[in-house]
Amino acid sequence: MTFDSGRRSSFKKMLVGGASLGTLTSFDSKNMMPAELKGNINHGVCHWCFRDYSLDDFCAEAKKIGIKGVDLIGPNNWEILKKHGLDSSMCNGAEINLVDGFGETKFHDQLVKNYTEVIPLVAEAGYKNLICFSGNRRGMDDETGLKNCQAGLERIMPIAEKHGVMIQMELLNSKINHIDYLCDRTSFGVELCKRLGSPNFKLLFDIYHMQIDEGDLIRNITDYHEYIGHYHTAGNPGRNELGDDQEINYPAVMRAIVATGYTGYVSHEFIPKKEDKIASLAEGVAICDV
């Protein structure tokens with residue numbers, strides 16, 4: 001398929017003004033031009049959702065459509081990101097897994113060891129964000145979970161502060177994807193931030209997950225934005241593309257994020273259903289580029 005000047009013009013208009021679900025699907029990602037974006041949203045992406053592509057190939061394609069960073073990449077693959085001039089927008093590699101986290105004291109020693117080793121690596125590489133997880137509830141009430149998370153995280157926060165690294169706990173839904181996850185509501189995460197009282201601890205607000213467990217996205221983003229350091233996107237239900245066949249009004253949510261003065265990353269973490277997965281990513285970028 002040839003990518004004529006008319007199509008180029010249309011594609012640029014969609015990237016600048018936002019795209020509808022039906023429009024972008026007519027484009028062939030192999031012939032897309034580099035994106036011209038508004039600059040109000042710093043777009044990132046999670047490579048794990050696009051595993052049909054090697055990280056090297058994916059970085060090359062993502063950069064063409066205006067992506068600035070790739071989430072959930074550890075030290076072993078940072079050189080690939082640097083090769084493409086992309087940020088490691090949310091580093092990983094210190095966590096145990098999603099279910100064994102700071103919510104249980106029996107994991108604290110291992111987690112402290114891991115984060116003590118990885119935090120300096122993040123800083124040395126020139127990166128800022130490192131993910132963490134509460135792990136599962138396993139019968140704990142909120143107060144016990146908060147106390148346990150606080151006790152474990154207090155052991156690593158001085159190291160994070162020394163190195164200028166932001167530790168970010170992800171909010172995940174406990175209804176569909178991560179049954180029994182402890183930090184499953186904004187209120188829990190905000191209370192933990194307040195108890196820690198560190199400028200180097202914030203929340204990774206996953207819009208998809210919080211739509212499932214609590215909704216009221218714009219109000220929570222507006223009210224608690226000072227505690228939020230990163231955002232993830234995906235369509236609900238299904239965790240797929242961000243188009244108009246799912247329930248989240250992403251342009252409105254993005255405008256609310258911009259209105260808070262947020263300058264960090266919004267990283268796309270949806271699992272594309274369409275055959276042309278890069279076109280789906282470009283569509284998501286366009287929809288969110290308010």
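In what follows, every heavy atom counts, from backbone to side chain, and hydrogens, waters and symmetry copies are set aside. Keep in mind that what you see is a predicted model, and the values were worked out from it rather than measured.
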Go through the structure and list residues passing salt bridge (Lys or Arg N to Asp or Glu O under 4.0 Å) with [X], not counting sequence neighbours.
X    : answer
K175 : none
D109 : R155
E214 : none
D216 : R219

Which atom of [X] lies closest to which atom of [Y], heavy atoms considered:
X    : Y    : result
H43  : D289 : NE2-OD1, 3.0 Å
H268 : L242 : ND1-CD1, 3.9 Å
I167 : A160 : CG1-CB, 3.8 Å

Point to revise | No-hydrogen, no-angle side-chain donor-acceptor test under 3.5 Å, Q246 and E241 | key: no
For [X], all residues meeting side chain to side chain donor-acceptor pair (under 3.5 Å), sequence neighbours excluded:
X    : result
D57  : S54
N148 : none
D184 : S174
H209 : N173

Point to revise | Residue pairs fulfilling salt bridge (charged side-chain N to carboxylate O under 4.0 Å, His left out) with at least one residue in residues 160-171, sequence neighbours excluded | key: none
Check your understanding: Does any pair with a residue in residues 187-210 pass salt bridge (charged side-chain N to carboxylate O under 4.0 Å, His left out), and if so which ones, sequence neighbours excluded?
Key ->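 Passing the test, one end in residues 187-210: E143-R195, E191-R195.
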Exercise for review: Take atom CD of E275 as the centre, draw a 6.0 Å sphere, and report whether it contains more than 12 heavy atoms from other residues, nucleotides or ligands.
Suggested key: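 It does not: E275 CD has 12 such atoms or fewer within range.
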Check your understanding: With Y231, which of Y265, Y262, Y250 fulfils ring-ring contact (aromatic ring centres under 6.0 Å, His included)?
Key ->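 Only one of Y265, Y262, Y250 forms a ring-ring contact (aromatic ring centres under 6.0 Å, His included) with Y231, namely Y262.
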Donor-acceptor under 3.5 Å ([X] side chain, [Y] main chain):
X    : Y    : answer
D71  : C46  : no
R185 : F188 : no
T116 : V112 : yes
N200 : V165 : yes

Review point. Do Y181 and M90 belong together in a cluster built from hydrophobic side chains that touch within less than 4.5 Å?
Key: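 Yes, Y181 connects to M90 through the hydrophobic network.
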Review point. Does the separation of the ring centres of Y115 and F102 fall below 6.0 angstrom?
Key: yes
Exercise for review: Identify the residue among R138, K106, Q110 that makes a side chain to side chain donor-acceptor pair (under 3.5 Å) with D100.
Suggested key: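 For D100, the side chain to side chain donor-acceptor pair (under 3.5 Å) test succeeds with only one of R138, K106, Q110, which is R138.
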Exercise for review: Anything under 30° is parallel, anything over 60° is perpendicular, the rest tilted; go ahead and classify F58 against F50.
Suggested key: parallel
Check your understanding: Could you walk me through whether V45 and S267 pass the side-chain contact (heavy atoms from CB on, under 4.5 Å) check?
Key -> CA-CA 5 Å; V45 66; S267 289; 5.8 Å; no
Please tabulate, for side-chain N and O atoms in residues 119-136, each donor-acceptor pair with protein atoms closer than 3.5 Å (sequence neighbours left out).
| residue | atom | partner | partner atom | Å |
| --- | --- | --- | --- | --- |
| N129 | OD1 | Q168 | NE2 | 3.0 |
| N129 | ND2 | S89 | O | 2.9 |
| S134 | OG | C183 | N | 3.0 |

Solution key, residues 73-80 side-chain donor-acceptor pairs under 3.5 Å, sequence neighbours excluded:
| residue | atom | partner | partner atom | Å |
| --- | --- | --- | --- | --- |
| W78 | NE1 | I73 | O | 3.0 |
| W78 | NE1 | G74 | O | 3.2 |
| W78 | NE1 | S88 | OG | 3.2 |

Practice item. Please lay out, stage by stage, how Y227 and F201 fare under the test ring pair (Phe, Tyr, Trp, His ring centres under 6.0 Å). Key: CA-CA 8 Å; Y227 303 104; F201 182 82; 10.0 Å; no
